[in-house]
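Since the structure is predicted, the reported quantities are computational estimates derived from the model, not experimental observations.
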Amino acid sequence: MDDPVIWLIIIAFYAPLHFMLPVLFLFIVGGETETVRKQLIRSALIDAALSMVVAFALAIVLVNYEQIALAMVILILFMLVPFMRIIRNRRMIK
């Protein structure tokens, strides 16, 4: 797992899910006005980017310690971070 090409492939498959699922969630369940929805989408994308950076930093460190299963669990759990922020932000708006 030391090869950068492997990490690029992992990121290429992980990033679309990590960014698009929160945005899709906002479009499906959102009953807000257009400006509020844009604000929520922008904050969800920022949260997704930050959580993805942290998740991959932790995953790379764990893989170096040969904890591959735990690294995968971290990557999956960090997909939920933007959703938690979306729910919190929607409660604050209402």
How long is the span from the [atom1] atom in [X] to the [atom2] atom in [Y], to the nearest 0.5 Å?
{"X": "Leu58", "Y": "Leu70", "atom1": "CG", "atom2": "CG", "result": "9.0 Å"}
{"X": "His18", "Y": "Leu45", "atom1": "NE2", "atom2": "CG", "result": "10.0 Å"}
{"X": "Leu80", "Y": "Phe83", "atom1": "CG", "atom2": "CZ", "result": "7.5 Å"}
{"X": "Arg85", "Y": "Ile46", "atom1": "CZ", "atom2": "CD1", "result": "9.5 Å"}
{"X": "Met79", "Y": "Tyr14", "atom1": "CE", "atom2": "OH", "result": "5.0 Å"}

* Quickly, which of Val54, Val53, Val73 forms a side chain to side chain contact (heavy atoms under 4.5 Å, CB included) with Phe78? Name it, please. =>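 That would be Val54; it is the only one of Val54, Val53, Val73 passing the side chain to side chain contact (heavy atoms under 4.5 Å, CB included) with Phe78.
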* To do: Test side-chain contact (heavy atoms from CB on, under 4.5 Å) on Asp47 and Met84 and set out the steps.
  => CA-CA 10 Å; Asp47 290 339; Met84 292 185 297; over 6 Å; no
* **Which atom of Ala44 lies closest to which atom of Pro22, heavy atoms considered** =>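 Closest pair (atom of Ala44, atom of Pro22, distance): CB-CB, 4.3 Å.
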Same cluster (ILVMFWY, side-chain, under 4.5 Å), [X] and [Y]:
{"X": "Val29", "Y": "Phe27", "result": "yes"}
{"X": "Leu24", "Y": "Leu26", "result": "yes"}
{"X": "Phe13", "Y": "Ile68", "result": "no"}
{"X": "Leu17", "Y": "Ile76", "result": "no"}
{"X": "Leu50", "Y": "Phe19", "result": "no"}

* Asked: Yes or no on side-chain contact (heavy atoms from CB on, under 4.5 Å) for Ile86 and Leu40, after CA distance, side-chain angles and deciding distance?
  -> CA-CA 7 Å; Ile86 288 170; Leu40 286 172; 5.6 Å; no
* Assess whether side-chain contact (heavy atoms from CB on, under 4.5 Å) is satisfied between Tyr65 and Val61, documenting all intermediate values. => CA-CA 7 Å; Tyr65 287 114; Val61 168; 3.8 Å; yes
